Amino acid sequence: MSKLAKFAEEKGVKYFMISYTDLFGGQRAKLVPASAIADMEEDGAGFAGFATWFDMTPAHPDMLAVPDPDAVIQLPWKPEVAWVAADCIMEGEAVEQAPRNVLKKLIKEAADEGLRVKTGIEAEFFILTPEGDKISDPFDTAEKPCYDQQAVMRRYDVIAEICDYMLELGWGPYQNDHEDANGQFEMNWDFDDALITADRHSFFKFMVKSVAEKHGLRATFMPKPIQGLTGNGCHAHISVWDLDGETNAFAGKAAGQVGEVGLSEQGGYFLGGIMKHAEALAAITNPTVNSYKRINAPRTMSGATWAPNTVTWTGNNRTHMVRVPGPGRFELRLPDGAVNPYLLQAVIIAAGLSGIRSKADPGPRYDIDMYAEGHKIEGAPKLPLNMLDAIRAYDADPELKTMLGSDFSASYIKMKHQEWNSFVSHFSRWEKDNTLDI
Ligand code: ADP
Ligand code: MG
Ligand code: MG
């Protein structure tokens, strides 16, 4: 009996949502009745690739999304439906540019070198009114709203419902808080293998939006939904283990500054790869026009953006691109809420492996407040100022492009250029305000 058919029988599932993620991070699904799931598990559900963000033409043959039975999640808020992550194939071959395939390829490359990457993410979000134009809680107006006890309790019904679901799903959630912007929240659960974290990240976004809608609200992961307020980050915490997952290869003490903060030599090289590829990597971790209003941003109302501007690393200090909060792992603070869950993990592994292979030096550690003293550092590369610069930096990084896949990279660059062109051909109020009387 097919694994998913058995799952349906045991759990009382009536419909499966066979879901894949396109290049722009959109989740696309077909609802398949349990009676048809056994065939779909074998052959996949058919989609027209051109109809989603995949760099295909209407003439392409059917793309088949084959559900991964190890990645099935019964919707806690609608138990008769189960979501299942799928892998895209076309004419018997994996679709190279499909984000979950990109990630699986890199996980395999890491495994071939005896490495197993484990990550945790912090996917911040805002809860807005259904129209998406205002913070939903009119009393959430404090200048420093982070950890606001009263405000988090006014959204208890939404936050606790989501946390209850994560408990039920066995994700190991351990804390929830009001974040640094009015209307902003964060929920944390345990780290795990990169593919599991990517699937959970996808499902988390779906779940947060669904539960918010249920309560008549709108949740958004948009990088900077409200001007002047702190944006939605999606920090990634990273460690690398041996294949059986028992020994943390990042734990240890390399010589010098890397070891002082509790990272091994290999951890230092992996970090070195992230630093080396940072400007190109931003094309993936900060994939939208709006992303660049979060990084390189002026100080927010709360006093700090909490987002980086420069390619620098440090110990337990939140003003740099990379923070080493404690021994055996580091935190990449660059990614934002628009990041594609699969490409985020994939690009981290690609840059990290490149660092290990080339024994990349992460450069000096700066233990300064970057927001106050960043101008004193000479020579540290600045992060791209906009999406176009990031895409160009990615295009100029042959190693990263090859590691993520030549077809994937070509498609991604092409589609992101199209998106940029669409943005710049849009007439804005700003132009009129600044050019009318010229
Ligand atoms: P902070 O706000 O201080 O950055 P959080 O507690 O909000 O930290 O999030 C930390 C994330 O890092 C969680 O997802 C946690 O599971 C994850 N994490 C903790 N230890 C490791 C590790 N060794 N490897 C990867 N991720 C880790
Ligand atoms: Mg956090
Ligand atoms: Mg963090």
Side-chain angles (χ1 to χ4, degrees), residues 107 110 115-126 145-148 152 159 162-163 166-167 169-181 184-205 208 221 223 230-252 261-264 266-268 270-271 274 285-286 294-295 302 304-308 313-337 339 341 344-345 348-349 351-352 370-371:
I107 288 172
L115 305 173
R116 183 165 163 184
V117 180
K118 296 194 182 205
T119 57
I121 51 124
E122 308 170 58
E124 294 169 339
F125 58 91
F126 278 68
C146 207
Y147 318 122
D148 189 320
V152 77
I159 301 299
I162 299 166
C163 190
M166 290 199 281
L167 287 163
L169 294 170
W171 292 10
Y174 60 88
Q175 62 184 6
N176 309 294
D177 71 355
H178 191 292
E179 270 298 318
D180 192 56
Q184 191 186 36
F185 299 87
E186 180 178 311
M187 311 186 67
N188 302 113
W189 68 92
D190 284 344
F191 68 99
D192 214 314
D193 287 312
L195 185 63
I196 295 178
T197 292
D199 284 335
R200 288 183 180 170
H201 183 182
S202 304
F203 188 81
F204 180 73
K205 292 182 73 175
V208 168
F221 294 84
T230 296
N232 281 322
C234 187
H235 303 161
H237 291 249
I238 305 150
S239 56
V240 171
W241 301 66
D242 61 357
L243 286 182
D244 60 17
E246 296 295 323
T247 311
N248 181 350
F250 276 11
V261 291
L263 287 182
S264 66
Q266 208 167 29
F270 198 100
L271 173 58
I274 299 276
T285 53
N286 307 77
R294 170 181 165 265
I295 57 173
S302 69
T305 60
W306 302 109
W313 71 280
T314 184
N316 197 353
N317 166 341
R318 296 172 192 265
T319 63
H320 295 256
M321 187 186 83
V322 173
R323 156 182 172 242
V324 185
R329 66 167 152 144
F330 65 80
E331 175 188 38
L332 179 62
R333 300 177 58 82
L334 181 58
D336 63 49
V339 71
L344 167 61
Q345 303 297 329
I348 287 170
I349 299 176
M370 272 310 276
Y371 300 142

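Atoms within each ligand, like the ligands themselves, are counted from 1 in listed order. Keep in mind it's a predicted model, so treat the numbers as computed, not measured.
Remark: minimum distance from atom 24 (N) of ligand 1 to any protein heavy atom is reached at S239 OG, 2.6 Å. In terms of protein heavy-atom proximity, atom 2 (O) of ligand 1 is closest to E122 OE1, 3.0 Å.
For ligand 1, the atoms closer than 4.0 angstrom to any heavy atom of G120 are 14 (O), 26 (N). Near R318, meaning under 4.0 Å from one of its heavy atoms, ligand 1 places the atoms 1 (P), 2 (O), 3 (O), 4 (O). Residue-ligand proximity, Y174 to ligand 1, at heavy-atom distances under 4.0 Å covers atoms 5 (P), 6 (O), 9 (O), 10 (C), 11 (C), 13 (C), 15 (C). For ligand 1, the atoms lying closer than 4.0 Å to a non-hydrogen atom of E331 are 4 (O). Close approach of ligand 1 to W189 (heavy-atom distance below 4.0 Å) involves ligand atoms 13 (C), 14 (O), 16 (O). Close approach to D190 involves these atoms of ligand 1, each under 4.0 Å from a residue heavy atom: 16 (O). The distance from ligand 1 to the heavy atoms of R323 drops below 4.0 Å at these ligand atoms: 1 (P), 3 (O), 4 (O). Which parts of ligand 1 touch Q175 is read off a 4.0 Å heavy-atom cut-off, strictly below it: atoms 5 (P), 6 (O), 7 (O).
Nearest N, O or S atom of E122 to the Mg ion (ligand 2): atom OE1. Residue-level check: among N/O/S atoms of E186, OE2 sits closest to the Mg ion (ligand 2). Looking only at N/O/S atoms, H235 comes nearest to the Mg ion (ligand 3) through ND1. Here the N, O or S atom of E331 that is nearest to the Mg ion (ligand 3) is OE2.
Between L332 and W313 there is no side-chain heavy-atom pair separated by less than 4.5 Å. In this structure the side chain of T230 never reaches within 4.5 angstrom of the side chain of E179, judged on heavy atoms. Contact annotation: the side chain of P173 never approaches that of M187 to less than 4.5 Å [non-hydrogen atoms, C-beta and beyond].
In the model, E124 has no side-chain atom that pairs as donor or acceptor with a side-chain atom of H235 under 3.5 Å. Checked by atom type, the side-chain pair N317/R323 shows no donor-acceptor distance below 3.5 Å.
At a 4.0 Å cut-off, at least one heavy atom of E186 sits close enough to ligand 1 to count as contact. Ligand 1 is never approached by F250 to a heavy-atom distance shorter than 4.0 Å.
Looking at R200, H237, H235, it is H237 that brings a heavy atom closest to atom 25 (C) of ligand 1. Checking F191, W306, W241 against atom 20 (N) of ligand 1, the nearest heavy atom belongs to F191.
Ring-plane geometry between F204 and F221 is classed as perpendicular, the angle between the planes exceeding 60 degrees on a 0 to 90 degree scale with a lower cut at 30. Relative ring orientation between F270 and F250 is described as perpendicular, the plane-to-plane angle rising above 60° on a 0-90° scale split at 30° and 60°.
The main-chain N or O of M370 is found under 3.5 Å from a side-chain atom of T319 such that the two form a donor-acceptor pair.
Taking the six-membered ring for Trp and the full ring otherwise, H178 and F185 have centroids separated by under 6.0 Å.
Of all non-hydrogen atoms in V152 and D177, the two that sit nearest each other are CG2-C, 4.3 Å.
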*Assess whether side-chain hydrogen bond (donor to acceptor under 3.5 Å, both in side chains) is satisfied between E186 and N188, documenting all intermediate values.*
CA-CA 7 Å; E186 180 178 311; N188 302 113; 2.9 Å; yes
